[in-house]
Amino acid sequence: MNNISLLQKALDASSLRQQVISNNISNAETPGYKAKQVVFEDILKKHLTNQTKFVGNRSDARHLVIGNPDDIPTGNIVENTNSVIQNNGNNVDIDEEMTRMGKNSLWYYTLTEQINSEFQQLSIAIKGRS
């Protein structure tokens, strides 16, 4: 698994998280609406913990694939059905959503800086320092 692929999946999850948070905020007054969240980091951590570095050598297309180091999980949207904050059945907490939005924005910025650094290193490796 290379760092750029991993960072790409993290950026995708962060972007999805921003959309979900925005949707939660826009539905804060919708009766019966249940807040949603994106789960990615826990899934990724579990995937990386259970990952094997062994990859089989396929000398023929009919051979089975053994190991897939580039199989990085994606973010999942989950609905919070366990709580009710408002009398109308809605459970969106605006303060919590705004905090999540700020945290996610910082995370997205950090990921973009990291991926820029990866591409800079590749550029230096290809061109050499000039």
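Values below: all heavy atoms of this structure, side chains included; hydrogens, waters and symmetry mates excluded.
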Within-4.5 Å side-chain heavy-atom neighbours: Asn91 and Asn80: yes
Test item: Ser105 side-chain N/O and Met101 main-chain N/O as donor-acceptor pair under 3.5 Å: yes
Partners meeting side chain to side chain donor-acceptor pair (under 3.5 Å) with Asn104 (sequence neighbours left out): Ser14, Gln18
Which residues share a side-chain contact (heavy atoms from CB on, under 4.5 Å) with Glu29, sequence neighbours left out: Gln86
Nearest atoms (heavy-atom pairs only) where Glu97 meets Ile21: O-CG2, 3.5 Å
Shared-cluster residues of Tyr109, by chain and number - hydrophobic side chains joined below 4.5 Å: none
Inter-residue atom distance Ile25.CD1 - Ile94.CD1, 0.5 Å rounding: 5.5 Å
hydrophobic_cluster_shared for Leu6 and Tyr108, side chain cutoff 4.5 Å: no
Residues which pass side chain to side chain donor-acceptor pair (under 3.5 Å) with Asn27, listed by chain and number, not counting sequence neighbours: Asn23, Thr30
Residue pair Val92 / Ala35: nearest heavy atoms and the distance that separates them: CG2-CB, 4.1 Å
Short side-chain donor-acceptor distance under 3.5 Å, Asn88 and Tyr33: no
Hydrophobic cluster partners of Leu106 (side-chain heavy atoms under 4.5 Å): none
side-chain contact (heavy atoms from CB on, under 4.5 Å) against Gln37, all qualifying residues, sequence neighbours excluded: Val78, Arg100
Fellow cluster residues of Val38, listed by chain then number, with links counted only when side-chain atoms sit under 4.5 Å apart: Leu16, Val20, Ile77
Summary of salt bridge (Lys or Arg N to Asp or Glu O under 4.0 Å) pairs that have at least one residue in residues 75-87, sequence neighbours excluded: Lys36-Glu79
Listed once per pair and sorted, the salt bridge (Lys or Arg N to Asp or Glu O under 4.0 Å) pairs that draw on residues 101-112, sequence neighbours left out: none
For a quick test of your reading: what N or O donor-acceptor pairs under 3.5 Å do the side chains of residues 116-125 make, sequence neighbours left out?
unit_1, atom_1, unit_2, atom_2, d
Asn116, ND2, Thr112, O, 3.2
Glu118, OE2, Asn3, ND2, 3.3

side-chain contact (heavy atoms from CB on, under 4.5 Å) partners for Ala13, two or more places apart: Phe40
Nearest-0.5 Å distance that lies between atom CZ in Arg17 and atom CG in Leu11: 11.5 Å
